[in-house]
Amino acid sequence: MEASQAVSAPVLAAYRYCETVTGQQARNFAYGIRLLPTPERRAMSALYAFSRRVDDIGDGELPGAVKVERLEDTRALLGRVRAGAVEEDDTDPVAVALAHASGVFPIPLGGLDELIDGVQMDVRGATYETWDDLKVYCRCVAGAIGRLSLGIFGTEPGARGVERAPEYADTLGLALQLTNILRDVREDAEGGRTYLPADDLAKFGCSAGFAGPTPPEGSDFAGLVHFEVRRARALFAEGYRLLPMLDRRSGACVAAMAGIYRRLLDRIERDPEAVLRGRVSLPGREKAYVAVRGLSGFDTRHVSRHTLRGRA
């Protein structure tokens, strides 16, 4: 599908708006989707722009009741997209782009309902006693995005085990979200949110929370971080089984985005208290290396070899 084939001027303008939002608000995500063909890149930008709108409602300063109302308004807009009731000249560019993308690709739009459900959990101030509890939230806000993205990527015809692709996409979303939670632990605490399971916090003496640039007195903060890093690594290992099921450029996109977060995880593991001092990030040159590595197919070949060995 060529870049402009069967795409009208109003739809192109809507996609450009979504790509601008993505480039400004999600640098890691934008880095990965650059590797996609134009139609897929535009569709992923539309997906991100809608998701960003939902997240911004949850993260904003409005009263909780107003947030709930706006989230339901957004759910109603999603209903219009699902029903094919958004015209090309609609004044909402995100709705126009998402409506077009969902007409081109088999995007399971119910995943965006799950995202709204997850943000409503934030608005209610939900906390999580166990990892199983937190997984429910992570599946809503990140696993669902993995499954939505798979609708755009598609899978390679004849790929082995392809029926498990949605499961692996979901698991990769969990890995990315847990990495996000570790990276943002101080920022979330300042906003009154705690995502790490209460059981884990208690186990490592961190139940007092993270109000400052140093760990709670007497806690084993490094032990907590390393415990969660191991959990995230296991999720990445499972989720990476998706890569051989994707075409080369989709696999490169996923490998790039996941690779950036795995390297963030490496940095957090080396210096756990860095997440209390500020946001851990990667320099542009390291992101570029990860993108080239993904485009080369290295990660896909690595996963394929290990999968074959496991079956031997």
Side-chain angles (χ1 to χ4, degrees), residues 1 28-29 31-48 50-51 82 98 100-115 118 135-136 138-179 231-262 290-291 293-312:
M1 180 176 176
N28 290 342
F29 186 85
Y31 224 95
I33 67 172
R34 288 178 190 175
L35 304 175
L36 293 171
T38 299
E40 285 85 350
R41 188 187 70 246
R42 287 173 175 160
M44 289 293 288
S45 294
L47 182 61
Y48 176 81
F50 188 92
S51 302
R82 187 183 288 112
L98 184 61
H100 184 270
S102 64
V104 174
F105 299 100
I107 303 173
L109 291 174
L112 290 172
D113 280 302
E114 293 180 56
L115 173 63
K135 274 196 295 189
V136 173
C138 290
R139 285 213 157 94
C140 285
V141 299
I145 300 301
R147 286 177 269 119
L148 285 157
S149 301
L150 184 61
I152 295 171
F153 298 147
T155 54
E156 283 285 80
R160 189 185 300 232
V162 72
E163 69 281 354
R164 297 191 67 182
E167 174 190 336
Y168 294 141
D170 183 277
T171 300
L172 204 50
L174 264 64
L176 268 61
Q177 186 62 25
L178 183 54
T179 304
R231 175 176 278 157
R233 288 197 193 287
L235 292 168
F236 274 116
E238 180 74 6
Y240 261 49
R241 295 187 179 203
L242 175 66
L243 292 180
M245 302 175 184
L246 305 177
D247 66 52
R248 177 172 173 266
R249 289 177 71 175
S250 296
C253 171
V254 173
M257 287 191 286
I260 288 170
Y261 278 87
R262 286 182 75 181
V290 173
R293 174 177 162 138
L295 199 56
S296 74
F298 177 88
D299 292 305
T300 298
R301 292 193 299 273
H302 180 75
V303 173
S304 296
R305 286 196 299 269
H306 279 265
T307 301
L308 288 173
R309 285 175 192 164
R311 292 194 179 105

Undergrad: Between atom CG of L242 and atom OG1 of T171, what is the distance when rounded to the nearest 0.5 Å?
TA: 9.5 Å

Undergrad: Could you list the residues that satisfy side chain to side chain donor-acceptor pair (under 3.5 Å) with R233, not counting sequence neighbours?
TA: D266, E269

Undergrad: Any idea which heavy atoms bring L112 and S51 closest together, and the distance?
TA: CD2-OG, 3.7 Å

Undergrad: Provide the closest heavy-atom pair for A142 versus G173 in the form atom of the first, atom of the second, distance.
TA: CB-O, 3.2 Å

Undergrad: Once rounded to the nearest 0.5 Å, what's the spacing between atom CG of L109 and atom CG of L47?
TA: 9.0 Å

Undergrad: My understanding is that only residues two or more places apart in sequence, or in another chain, count here; which of them pass salt bridge (charged side-chain N to carboxylate O under 4.0 Å, His left out) with R34?
TA: none

Undergrad: Roughly how far, to the nearest 0.5 Å, is the NZ atom of K135 from the CD atom of Q177?
TA: 14.5 Å

Undergrad: Looking at every non-hydrogen atom in both residues, tell me the closest pair between G251 and L243 and how far apart they are.
TA: O-CD2, 3.6 Å

Undergrad: Which donor-acceptor pairs under 3.5 Å do the side chains of residues 253-261 make with protein atoms, sequence neighbours left out?
TA:
none

Undergrad: Which atom names give the shortest non-hydrogen contact between R139 and L174, and what distance separates them?
TA: CG-CD1, 3.5 Å

Undergrad: Determine the minimum heavy-atom distance between P166 and V162, stating which atoms define it.
TA: CD-O, 4.2 Å

Undergrad: Check E40, M44, R42 against I33 for a side-chain contact (heavy atoms from CB on, under 4.5 Å) and give me the one that passes.
TA: M44

Undergrad: When rounded to the nearest 0.5 angstrom, what distance separates CD in E238 from CZ in R164?
TA: 6.0 Å

Undergrad: Mind listing the closest non-hydrogen atom pair of A169 and G146 along with its distance?
TA: CB-O, 3.5 Å

Undergrad: Just jot down the side chain to side chain contact (heavy atoms under 4.5 Å, CB included) partners of A175, sequence neighbours excluded, or say none.
TA: L235, F236

Undergrad: Compile the donor-acceptor pairs under 3.5 Å between side chains in residues 148-156 and protein atoms, sequence neighbours left out, one pair per line.
TA:
residue: S149; atom: OG; partner: I145; partner atom: O; Å: 2.8

Undergrad: Excluding sequence neighbours, so at least two apart, what forms side chain to side chain donor-acceptor pair (under 3.5 Å) with R147?
TA: E114, D170

